[in-house]
Every structure is written in structure tokens, then in C-alpha cells.
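A quick write-up on the structure given underneath.
Values below: every heavy atom of this structure, side chains too, minus hydrogens, waters and symmetry copies. Proteins come first, then strands; the chains are lettered A, B, ... in the order of their sequence lines, and each starts at number 1.
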Protein chains: 2
Amino acid sequence: MPEQPVRARLVDVAERAGVSKATVSKVLNGRQDLSVRPETRRRVHEAAEALGYRPHSGARALAGASTHALALLVPALNNPTYVTIARGAYQRARELGYLSLLAEDFDGQEADESFNDLVQEGRVDGLLIASARPSHPLLDALSRSPVPHVFLNRSVEGSGRNVTMDVARSSVTALDHLHSLGHRAVGHIAGPPGITPSEVRKEAFLRHAEELGLSAAPVASGDFTEDGGVACALELLRPADGGTRPPVTALYTSSLAQAIGAMAAVRHLGLRIPEDVSVVGNDDLPVVAHLSPPLTTVAMPLYELGAAAVEALVAAIQGAPLGDVVVPTEPCLMLRRSTARPGERP
Amino acid sequence: MPEQPVRARLVDVAERAGVSKATVSKVLNGRQDLSVRPETRRRVHEAAEALGYRPHSGARALAGASTHALALLVPALNNPTYVTIARGAYQRARELGYLSLLAEDFDGQEADESFNDLVQEGRVDGLLIASARPSHPLLDALSRSPVPHVFLNRSVEGSGRNVTMDVARSSVTALDHLHSLGHRAVGHIAGPPGITPSEVRKEAFLRHAEELGLSAAPVASGDFTEDGGVACALELLRPADGGTRPPVTALYTSSLAQAIGAMAAVRHLGLRIPEDVSVVGNDDLPVVAHLSPPLTTVAMPLYELGAAAVEALVAAIQGAPLGDVVVPTEPCLMLRRSTARPGERP
DNA sequence: CCGTCTAGGGAAACCGGTTGACTGAAACTT
DNA sequence: AAGTTTCAGTCAACCGGTTTCCCTAGACGG
């Protein structure tokens, strides 16, 4: 009855299989620089299975091999966008034999801490960085002690290791939808300056607005939060001097939270959605279907983004050359009731 | 110019300080079983500082010491409740010299995976488990190979290691508020059966409803999601046979998402909030202030919960006896516009 | 029949910390 | 003055893997 539920070690497996530590290690890691009889190989696998053997990650890391762990740095977890990305990353990592850890990097505040805890202490083999922004302290740390990494969602120009989505396309999709409904004056609520997807979305919005010949396409920038959305919406909806009606009939926002804030602002001004103002957001999550009215959004391939970033990073760790990647899945318009022809019920 | 930004090791620090590895290790770990001159101590710290020394977590773990990492297992990260808990845990862990990792355990689906990856591979010293539920596979794994752990939010009866909030109090607070507004028939939207906070909230609701002498206090159970809220609200608001008005004038929900779903259901039925139905949710997050109408909620001390759980776990790891803990911070009513006297504008 | 080659696998040196046993010198006792 | 403490730190054996180099036996070639 003196149970000993101690972890099985490599030597235990070796002993049970009747071979040496070295052989077990090589077999389990699938190295082909060693020839073993199929029968031995089978015995080793059987013994490992029977003992529930799991290599000690620390020992492994120490011995010069990798930790088989990655870390995903996101700017804010209360933004569900990043949760979806994290899920995609976790899943794909698992399929590739890696563990994906999640760390919140409050817009650079904690970057150094995380970097130290995770990279310097040798807990991970590489970083998936979704929290990049210009002059982010992390960029410094990375150049001082290089570690494999990719940037996802928010890219770093010229790094040659960006994994992104077709963000420009999301603006085109949203604008085409609004234009086809008859909107000719559309406002865009962008994110903070310097953040890539925000910038790209804005540029694409302005470019396509011109292509469509819109009469007005004003832009306001603010935080990716509800409050940011409120402030920008109020700015964009303020009637021109002497006027009484808002200068735009539709709003297109960079984030979901901004869309929620914008809707609140529209109501606050005594305007109706979508009769007076149509609203289109980005990212599709369960909550948007239960807003009042349900929000039309552009769904982005967030899960795929996380997965693609992991693939790129793991390839890099294994020595493959790195390059920018764009997730092929196209943004997809999710039609709900927050958009309609100007002045009309949905 | 051949920079070598290689990590500084213990021996490097030792060499620079002119002492042995052992001394450095003991000094840096603040062991008092060793006497060192203050001057030596200073030299060691200086050298470590100068070299930016960070102990290799793997080596440390291997040498029998701890990894100085914990893992927090949450059932769903898109529930912002758990994000707040995670932040509290991360921060307090950091203050105690630990790193708190975050893992999503989709209601037991991934528990074994996480357990293997994190515990069996020796990446963490202990677990903070927020995803417990009856017959959760994790409970098995824990009894097979014991590892320090606490349960938070969702408790496990009789485990003697539960860290919780005064959830019963949140029901009392919500009911008192509604009662003082004149509501005498209140419905409760509970979470799935078997989940502790959900059960406790329900019991407290029923008990206090009786104490207040409410004329009706029906309960419906559903998922913690928006859709769960919709279904429960429709059930609770269905007029009695032959009747035409809903049997309750207010709804109190177990989760925030349920409240959002409930609000959507109320609107769907053509009823107004709060004139026809008042709604109170649990947990206070930025988004609730931007709903239509802004939602009255009971704010729970989630951040404190995360912090308290870490404190308890770290104490346990360091050998202290473990016991159930209740976070002392009281739930707090956040008054907004989703509640009013029955039939009245706010 | 002897030498060489190759398949199959083992021995041991690491990796970077931690820890308990141990030592040399100084200070204190008696 | 010799023995005993205390002080201040050192030595070396681990921890559990990985990896390089080496060994051995049989096959094969000549």
C-alpha cells in the first residue's frame, strides 16, 4: 500500500524496456541518426505507455533541447478577439507537440516582466507577439537577446516575420455593404495611431471610400474600448455648423467594443439604429447577436490567425526561413439588424 | 563585435563576485542557513545585477527546488469574469515571486491535457483550479498524482481548500434592492446544476425571497451564456395559463452573459426594461454601462479572489496547512438604469 | 580465413542550478 | 596554550534528460 505515484523517469522506462537511457531518448524523440530494431522500438514505446512517462520539461530544456513551449503575448484579454486567437494558437501548438502559454502584456507595461519570466528563465522556445506597437520595450529586449518570434495581428514593418489577416479587405467588405444599401456618407472609428491593423483598416477605408465616390468619409481615432467608441461616435455624428442632422448615415468601427460604445452614443443622441445611423463592427462573437439591435459585423479569421502564427513560429524554431504570412481566409460579413437603407427600417 | 548576449549563468555571477556557485545560490535565494558577510552579500547582488542574471527555471526545477510557477485553470476565457480573476492571480503571484500561467479548461475537455503538460512535465508547482465541477476528470488525476492545489470560485465540497467569495450575499444584495423598489415577484436565472457559485446563489435567492415574503420567486437554470439567459428569461416571463402579463416583474441572473441574453429576450417579447421588467446581473465590467439600458449589477471581488487564491496556494506550497478561505470584500451593488419601481421609468 | 563494415545500442559527459556535508581560520573558553 | 565554537564559505553529488563517441557482433568481401 505504500503507493508511489512518483513520476516515471527516463531510466524507469529504460529499465522496463531492457535498454539504456540513450536508446529510449532517441526512440521517443524519433531521431533517425540511430538504428534500432522495430522490435526494440516497440518495447520502448510500450514501456513508456505503461508507465505513463512524460519527460520532465526542465531536464529537457537543460540538456540543450527545447522546452516545447511557446508564449503568446496579447495586449488585453478582456478583448475577446485575443481569446479566439489564443485558442487557435493553443490548438495548433498542441498538434505540433508544443504547449502555448498565454501572457497579458498591458500595452508594454509588462513586456519586460514577461520577457524575463518566460524567455530569460528559459521557459519557452519562442514568442508569439500580438501586442507590438512602435517603440515597444519588447523590441529592444528582443534585439538584445534574440529568441525566435513572430508578430501576429499587429505587425512590425520590415521585420519579415508578420502573420496577419486581410484587414484591408474587411474595410472593403463593410463599405461595399453600406454603399450597396445606399449610404454615401460613412464615418470610420479607427483605433489608436501606430497600431497596424488599425492603420491598415483606416487606409483601406479611405481608399475604397474614394473608389466608391462617397460624398464624405470622416475618420476619428480612439481607444479600442467602449469609451473610445463613444467619444469617436459623438465626434463623427456632430452636425456641421448650423446643421441639425449628423453628417454621416453610417459608422464602421475598428473593434467590437468600439461598436458597442458607438451604439450607446447614437442612442444617447436620440438617434435610432439603423433608421438614422447604421453601424458595422469588426469581429463576430456571440454577444453581438444579443445587442439591441443585433450588430452587423465583419467576422475575421482569428482562430486561423492564431494557428498560422504558431505554424510559422514552430517552423522558424526548427530552422526554416521566416517570411511574412497572410491568413488566406477572407473576412466575412455577418448581416444583422444594425444596418439598413438610410432612413428605413431593416 | 562578436557579441555574445548569452544568458548569464550562476557560475558567471560567482566568478564576477569572487565566490563559489553555492554561495551565490544561497545568497540569492535568501537562505539563512548560511552566514555571509554583508559585504560579500552585496558583491553577489551587484554581480547578479550587472550581468542581468536570471536563474534558469528548468535547472532550478531539476535541482529539486520549485519552478516558481503556478497554473490557473479556467473554464472559459471569453467569460471576462475569469480574466479579472486571472489578473488578480498574476499580480499577487508576481509579488510573491511566482509566475502565474493561464490555461483554458473547456469544462473538463482539456483538463487531462493541461494536467499532463503542466504538472506531469514539471512546469508548475501548483494549480489554481477555477474549472471544478462534479466528477471532473481533474479530480481523478489529482488523487493519482497529488500536487498542491486550491479551488477557487467553484468549490469542491469537503476538499478543505476552497477559496470563494460571499456569493450568497450577492443574491441578498440584489433581492434587497429589487424589494426596496417594490418588486414582489422576482425570477432568478441560475447557472447549470452542480456548479457551486450557481447553487449557492440560487439557495440564497430562495431563502432570502422567503425572508422578504415575496409572492413568487421562480428559478430557471441554464448555461452561463447569452443563449442560456434567453432561454431562461423566456421561461420565467411566460404568462401563466390564461394570463397575459408575465408572472414576475424582475429578473436576477447568475452571470453577466445571461443578463445580456435576458435583456434581449425581454425586448423580443415586446416588453420594456425597466418599466415592464427590471434586470440585475452579476459582475461589473465596462461593457454593462454601454448596454441599452445600462445594466444594474452586483460587482463581485474577482480580482481579490484571484489574489487570495494565489496566497493560499503559495502558503500551501511552503508547507502551511490549508483551509477554506472566503474573500472578505463584500459584493457591491452598481446601480444603473435597468432597474426601477415596477411600471415606472427609472 | 581474416579484415572491414554496418547495424544496434551503451557509457558517460554534459546542461545550470541546489543542498547538505565539510573545512580553514578566527574568536572564545577554561 | 590547547580545545571548542562560530563564522564564512567551498565541494561535490545530485536532479532527469540529450548527445557524442565508442563498442560489439555478425555480415560481407576478398
Side-chain angles (χ1 to χ4, degrees), chain A residues 6-45 47-48 51-69 97 119-123 125 145 318, chain B residues 6-45 47-48 51-69 97 119-123 125 145 318:
Chain A
V6 284
R7 299 181 53 260
R9 295 156 311 162
L10 191 61
V11 309
D12 301 325
V13 178
E15 198 168 331
R16 189 177 228 267
V19 295
S20 72
K21 281 174 34 169
T23 307
V24 176
S25 173
K26 290 169 188 165
V27 167
L28 291 184
N29 288 318
R31 301 186 57 108
Q32 54 275 70
D33 63 339
L34 171 80
S35 50
V36 283
R37 262 173 294 154
E39 203 269 334
T40 308
R41 188 182 303 277
R42 192 186 51 67
R43 279 215 320 282
V44 168
H45 279 118
L51 295 173
Y53 172 69
R54 299 233 107 199
H56 187 282
S57 75
R60 215 175 203 192
L62 240 200
S66 66
T67 62
H68 284 240
V119 177
Q120 303 276 40
E121 294 190 357
R123 292 185 204 272
D125 298 337
S145 43
Q318 295 172 351
Chain B
V6 284
R7 301 180 51 260
R9 293 155 312 161
L10 191 62
V11 305
D12 301 325
V13 178
E15 199 170 329
R16 191 177 226 265
V19 296
S20 73
K21 281 175 31 168
T23 307
V24 176
S25 173
K26 289 169 184 167
V27 166
L28 292 184
N29 287 320
R31 299 185 58 106
Q32 55 275 69
D33 64 338
L34 172 80
S35 51
V36 282
R37 264 175 294 155
E39 203 270 335
T40 308
R41 188 181 302 276
R42 193 185 51 68
R43 280 213 320 280
V44 169
H45 279 119
L51 295 173
Y53 171 68
R54 299 233 106 199
H56 187 283
S57 75
R60 220 178 199 190
L62 197 50
S66 66
T67 62
H68 283 240
V119 177
Q120 303 275 41
E121 293 190 359
R123 293 185 204 271
D125 298 337
S145 43
Q318 295 172 351

- From CZ of A/Arg9 across to P of D/dG17 the rounded distance in Å is 8 Å
- Task: Grab the OH-C1' distance between A/Tyr53 and D/dG17 for me, whole Å please.
- Result: 6 Å
- Task: May I ask you to evaluate whether A/Arg7 reaches the phosphate of D/dG17, defined as a side-chain N or O under 4.0 Å from OP1 or OP2?
- Result: yes
- Residues of residues 19-30 of chain B with any non-hydrogen atom less than 4.0 angstrom from an atom of DNA chain C: list those, numerically ordered, please. B/Lys21, B/Ala22, B/Ser25, B/Lys26, B/Asn29
- salt bridge (charged side-chain N to carboxylate O under 4.0 Å, His left out) contacts in which one or both residues fall within residues 59-68 of chain A, not counting sequence neighbours: none
- Note on the structure: When rounded to whole Å, the NE2 to P distance for the pair A/His56 and D/dC14 reads 18 Å
- Going by heavy atoms in the side chains, are A/Tyr53 and A/Leu28 under 4.5 Å from each other? yes
- Query: Can you check whether A/His68's main-chain N or O pairs, donor with acceptor, with A/Asp125's side chain at less than 3.5 Å?
  - Reply: yes
- Message: Nearest 0.5 angstrom please: A/Leu51 CG to A/Leu10 CG, how far?
- Response: 11.0 Å
- Provide the full list of side-chain hydrogen bond (donor to acceptor under 3.5 Å, both in side chains) pairs with a residue in residues 11-21 of chain A, sequence neighbours left out, each pair given once. A/Arg9-A/Asp12, A/Ser20-A/Thr23
- Query: At their closest point, which heavy atom of A/Leu62 faces which heavy atom of B/His56, and how far apart are they?
  - Reply: N-CE1, 4.3 Å
- Donor-acceptor contact below 3.5 Å, side chain B/Arg43 vs main chain B/Ala17: yes
- Message: Rounded to whole Å, please give me the gap between CZ in A/Arg31 and P in D/dT18.
- Response: 9 Å
- Note on the structure: DNA chain D nearest-nucleotide lookup for A/Pro55 and B/Arg37: closer to the 5′ end is B/Arg37
- Task: Kindly indicate whether the side chain of B/Ser145, heavy atoms from C-beta on, has any atom under 4.5 Å from the side chain of B/Gln120.
- Result: yes
- Query: Taking all non-hydrogen atoms of both residues, which atom of B/Gly122 and which atom of B/Ala61 are closest, and how far apart?
  - Reply: O-CB, 4.5 Å
- Rounding to 10 degrees, work out the angle separating the end axes of the helix from C/dC1-D/dG30 to C/dT30-D/dA1 (five pairs an end). 60°
- Terminal contacting nucleotides, 5' and 3', DNA chain C versus chain B (heavy atom, 4.0 Å): C/dG16 to C/dA21
- Between atom CZ of A/Arg42 and atom NE2 of A/His45, what is the distance when rounded to the nearest 0.5 Å? 11.5 Å
- Using side-chain hydrogen bond (donor to acceptor under 3.5 Å, both in side chains) as the criterion, list what pairs up with A/Glu121, not counting sequence neighbours. A/Arg123, B/Arg54
